[in-house]
2 protein chains.
Amino acid sequence: MRHTPRWRKFGRMISIETRTQELTGALRRAGVRITRQRAALLAVVAAAKDHPDAVELHRRAHEKVPGISLSTVYRTLTELESQGVIHRHQFEGEAARFEHAKTAHHDHMIDVDTGAVVEFHSERIEKLQAEIAAALGYDIVHHRLELYVRRKRAAD
Amino acid sequence: MRHTPRWRKFGRMISIETRTQELTGALRRAGVRITRQRAALLAVVAAAKDHPDAVELHRRAHEKVPGISLSTVYRTLTELESQGVIHRHQFEGEAARFEHAKTAHHDHMIDVDTGAVVEFHSERIEKLQAEIAAALGYDIVHHRLELYVRRKRAAD
DNA sequence: CTGAGTGCAAACGCTTTGCAAGTCA
DNA sequence: TGACTTGCAAAGCGTTTGCACTCAG
């Protein structure tokens with residue numbers, strides 16, 4: 001009758017801790033102190049499977065460390081971003097959202113109805129972008145590709 | 001000794017006037033009044049060959065109608081946008097920029113050093129985007145592709 | 001110990017909005 | 001005329017910052 005096997009739960013937890021340590025290490029290497037507040041936030045960011053904004057991250061961190069302020073959340077996120085361990089995304093008409101820079105580069109599809117974000121990657125698109133820039137005499141520093149989408153409906 | 005042939009100048013002016021009329025028509029059809037201020041702004045938007053922000057458009061319109069306020073600029077731009085005759089672009093870390101919805105859809109390259117914008121279009125990229133969205137069960141409502149670039153330098 | 005980090009509130013930059021006065025149709 | 005539009009100033013929003021206090025190392 002157990003619907004969530006213990007090994008699976010445990011497996012997830014280990015991976016989150018690993019991620020948390022990555023974030024912690026990045027900050028320590030940058031010479032910043034790991035305070036109670038930051039530790040809580042790092043754990044929250046590491047655990048996030050979605051793309052939360054600063055207010056949402058603050059809400060989650062607040063459950064662990066009631067005293068944490070929104071300023072500290074922003075300050076720490078900015079620091080993490082400049083260390084390159086998280087990414088900041090500015091989708092249309094929304095507050096910035098953050099995500100752990102876990103995997104390789106990817107782009108985003110945003111469901112305009114639900115706000116849900118789906119990640120995708122296309123080597124062919126990347127290549128075409130580079131070709132276009134090169135043809136016009138430029139190198140790409142970075143790029144942003146966002147698809148604002150709506151679920152297909154089977155024959156209305 | 002005339003370096004700017006009259007026919008060329010005149011050709012440009014006609015096209016700007018045509019564009020101005022397109023904008024004016026769109027507003028009139030939407031049932032809004034064409035005031036002195038709006039007429040000036042429409043002419044400025046129609047004449048713009050770059051991608052100016054609200055403050056810059058205000059500055060340009062201000063030369064024609066000294067009284068025009070920034071609020072009016074924003075209000076009119078918002079109206080034009082909702083009529084679909086201009087587009088609003090929110091590039092990274094900048095105020096929104098506007099452009100006349102003159103031609104077919106295109107994407108943007110932003111020179112990170114100068115802020116200059118180059119327009120481009122790739123049918124192949126568009127197609128790949130649609131395929132990717134479709135494969136995941138979505139239809140694209142709209143998309144945003146921005147390349148932040150830097151001029152190539154011939155062998156430093 | 002002591003300088004980096006904190007919470008708070010105030011400031012920020014861009015944009016929108018409430019309102020009384022002005023103006024276009 | 002009378003509804004729509006304006007300019008102004010104030011508010012809104014997400015984010016950053018100055019400050020005196022606190023705490024991690």
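A, B, ... follow the sequence lines: proteins, then strands. Residue 1 opens every chain. A quick note: this is a predicted structure, and the numbers were derived from the prediction, not measured.
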Problem - CD1 on B:I86 to CZ on B:R97, rounded to 0.5 Å - result: 14.5 Å

Handout entry: Main-chain N/O of A:H105 paired to A:H121 side chain as donor or acceptor, under 3.5 Å
Key = yes

Exercise for the section: Provide the start and end nucleotides, 5' to 3', of the part of DNA chain C that has atoms under 4.0 Å from heavy atoms of chain A. Expected result: C:dG3 to C:dA9

Handout entry: Any donor-acceptor N/O pair, B:R38 side chain to B:T76 backbone, under 3.5 Å
Key = no

Practice task
Check whether any side-chain heavy atom of A:E99 lies under 4.5 Å from a side-chain heavy atom of A:H89, and answer yes or no.
Solution key: yes

Problem - Partner residues of B:H142 under the side-chain contact (heavy atoms from CB on, under 4.5 Å) criterion, sequence neighbours left out - result: A:E92, A:Y148

Protein-nucleotides 22-25 of chain D N/O pairs under 3.5 Å:
| residue | atom | partner | partner atom | Å |
| --- | --- | --- | --- | --- |
| D:dG25 | OP1 | A:I34 | N | 3.3 |

Practice task
Using a 4.5 Å cut-off on heavy atoms from C-beta on, say whether the side chain of A:Q21 contacts that of A:T18.
Solution key: no

Exercise for the section: Keeping to residues at least two apart or across chains, list the ring-ring contact (aromatic ring centres under 6.0 Å, His included) pairs with something in residues 17-56 of chain A. Expected result: A:H51-A:H108

Handout entry: Side chains of B:R88 and B:T78, donor plus acceptor under 3.5 Å
Key = yes

Problem - Those residues that, when tested against A:A39, pass side-chain contact (heavy atoms from CB on, under 4.5 Å) (two or more places apart) - result: A:I34

Fill in the blank from the handout: In short, salt bridge (Lys or Arg N to Asp or Glu O under 4.0 Å) pairs touching residues 51-62 of chain A with sequence neighbours left out are A:D50-A:R60, A:E56-A:R59, A:E56-A:R60, A:R59-A:E63

Practice task
With axes from five pairs an end, tell me the bend angle of the helix from C:dC1-D:dG25 to C:dA25-D:dT1, nearest 10°.
Solution key: 30°

Handout entry: Contacts of B:V118 that satisfy side-chain contact (heavy atoms from CB on, under 4.5 Å) - sequence neighbours left out
Key = A:L136, A:Y138, B:M109

Practice task
Give the rounded distance in Å between these two atoms: CG of B:L80 and P of D:dT5.
Solution key: 12 Å

Fill in the blank from the handout: What residues 41-48 of chain B contributes to the DNA chain D interface at heavy-atom separation below 4.0 Å is none

Handout entry: Qualifying salt bridge (Lys or Arg N to Asp or Glu O under 4.0 Å) pairs with a residue from residues 64-80 of chain B, counting only residues at least two apart or across chains
Key = none

Problem - Check: B:V85 and B:V45 side chains under 4.5 Å, non-hydrogen atoms - result: no

Problem - Pairs satisfying salt bridge (Lys or Arg N to Asp or Glu O under 4.0 Å), at least one member in residues 106-122 of chain A, at least two apart - result: A:K102-A:E119, A:D113-A:R150

Completion exercise
Whether each nucleotide of nucleotides 11-16 of chain D has a protein heavy atom under 4.0 Å at its base (B), only at its sugar-phosphate (S) or at neither (-) is summarised, 5' to 3', as ---SSB

Exercise for the section: Scan A:G31 against the nucleic acid and name what it touches under 4.0 Å (heavy atoms): base, sugar-phosphate only, or nothing. Expected result: nothing

Practice task
Report the residue from B:L70, B:L41, B:T72 that forms a side chain to side chain contact (heavy atoms under 4.5 Å, CB included) with B:H58.
Solution key: B:L70

